[in-house]
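Atoms within a ligand are numbered from 1 in the order they appear, just like the ligands themselves.
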Amino acid sequence: MNHLIAPSILAADFANLQRDVEMINNSEADWLHVDIMDGMFVPNISFGFPVVKAVKKHATKPLDVHLMIVDPDRYLKAFADAGAYNLTVHYEACPHLHRTIQAIKELGCKASVAINPHTNVSLLKDIIADLDMVLVMSVNPGFGGQKFIEHTYTKISEVKELSALKNPNMLIEVDGGVDSSNALKLIKAGANVLVAGNSVFSAADQPGAISQLKNI
Ligand code: DX5
Ligand code: ZN
């Protein structure tokens, strides 16, 4: 399949959020990546429901919501109601992951699991068949603009191998430090959804940066 591009609005200009959402609408991006941070699971706080609802009001593309929060079960319905297309929870934040995934599906959303850089891919073995997507973190979650961790290529290949055995139609997303220098290698390793924050929003030509990642 052709890979998808999901610009992360964490790197947008929050004082001009409508403008930046419209830039994504009019670009070659496929999804909008929405990072939710609670100051507990990760050391940073991003934004909550009013912002997600405001983004949804203007976005013409699906919202790919990445929950970096403890006990995400408490908020799944609220994020579905706020307009999430896809809900990603962290493996490390979900003691009853199978239950959480079923709850996401019952809400009518696509269900995805993220793994931190230190989390072994083999831990997904008994849940991967139930997933629409796996998100491989290529930085430690919590902040935009961090350095890409090189070991990610191996992890993506491992997820790809597991998915070939158990769930070949599942998507593989990579998030953190993605730019035009590593995008092709990530796709070759098996990624088919690229999240990009700083590499898009710090570019002088933002739609051009999205186009470059899309047509790599
Ligand atoms: C990091 C977030 C990312 C972040 C990516 O915790 O999950 O989605 O926005 O930003 P860049 O592309 O700048 O690393
Ligand atoms: Zn993210």
Student: For Tyr75, is the OH atom crowded, meaning more than 12 foreign heavy atoms sit under 6.0 Å from it?
Tutor: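 Open: at most 12 neighbouring heavy atoms sit under 6.0 Å from OH of Tyr75.
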Student: If the plane angle is over 60° it's perpendicular, under 30° parallel, otherwise tilted; pick one for His90 and His66.
Tutor: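 Parallel: the ring planes of His90 and His66 meet at under 30°.
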Student: Between Arg19 and Asp13, does any NZ, NE, NH1 or NH2 come within less than 4.0 Å of an OD or OE carboxylate oxygen?
Tutor: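 A salt bridge is present here (some side-chain N lies under 4.0 Å from a carboxylate O).
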Student: Can you list every pair where an N/O of ligand 1 is under 3.5 Å from an N/O on the protein?
Tutor:
from	atom 1	to	atom 2	distance (Å)
ligand 1	6 (O)	Gly142	N	2.8
ligand 1	7 (O)	Asp35	OD1	3.0
ligand 1	7 (O)	His66	ND1	3.3
ligand 1	7 (O)	Asp175	OD2	2.9
ligand 1	8 (O)	His33	NE2	3.3
ligand 1	8 (O)	Asp35	OD1	3.1
ligand 1	8 (O)	Asp35	OD2	2.7
ligand 1	8 (O)	Asp175	OD1	2.6
ligand 1	8 (O)	Asp175	OD2	2.9
ligand 1	9 (O)	Ser8	OG	2.8
ligand 1	9 (O)	Asp35	OD2	2.8
ligand 1	12 (O)	Gly197	N	2.8
ligand 1	13 (O)	Gly145	N	2.8
ligand 1	13 (O)	Asn198	N	2.9
ligand 1	13 (O)	Asn198	OD1	3.1
ligand 1	14 (O)	Gly177	N	2.8

Student: Any side-chain donor paired with an acceptor under 3.5 Å for Asn215 and Ser211?
Tutor: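 Ser211 and Asn215 do have a side-chain donor-acceptor pair below 3.5 Å.
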Student: State yes or no: are the ring centers of Phe148 and Tyr153 separated by less than 6.0 Å?
Tutor: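 So the answer is yes for these two rings.
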Student: Not counting sequence neighbours, which residues clear salt bridge (Lys or Arg N to Asp or Glu O under 4.0 Å) with Asp73? List them please.
Tutor: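 Per chain and number, Asp73 pairs via salt bridge (Lys or Arg N to Asp or Glu O under 4.0 Å) with no residue.
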Student: Can a donor-acceptor pair be found between the side chains of Glu92 and Thr119 at a distance below 3.5 Å?
Tutor: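 A donor-acceptor contact under 3.5 Å links the two side chains.
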Student: Which atom pairs, donor and acceptor, lie under 3.5 Å between side-chain atoms of residues 101-113 and protein residues at least two apart or in another chain?
Tutor:
from	atom 1	to	atom 2	distance (Å)
Gln102	NE2	His98	NE2	3.3
Lys105	NZ	Asp130	O	2.4
Ser112	OG	Thr88	OG1	2.9
Ser112	OG	Met133	O	3.3

Student: Is the shortest side-chain heavy-atom distance between Tyr91 and Asn116 below 4.5 Å?
Tutor: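 No, their side chains stay 4.5 Å or more apart.
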Student: Sum up the protein N, O or S atoms located under 2.8 Å from the Zn ion (ligand 2).
Tutor: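 Those protein atoms number 4 in total.
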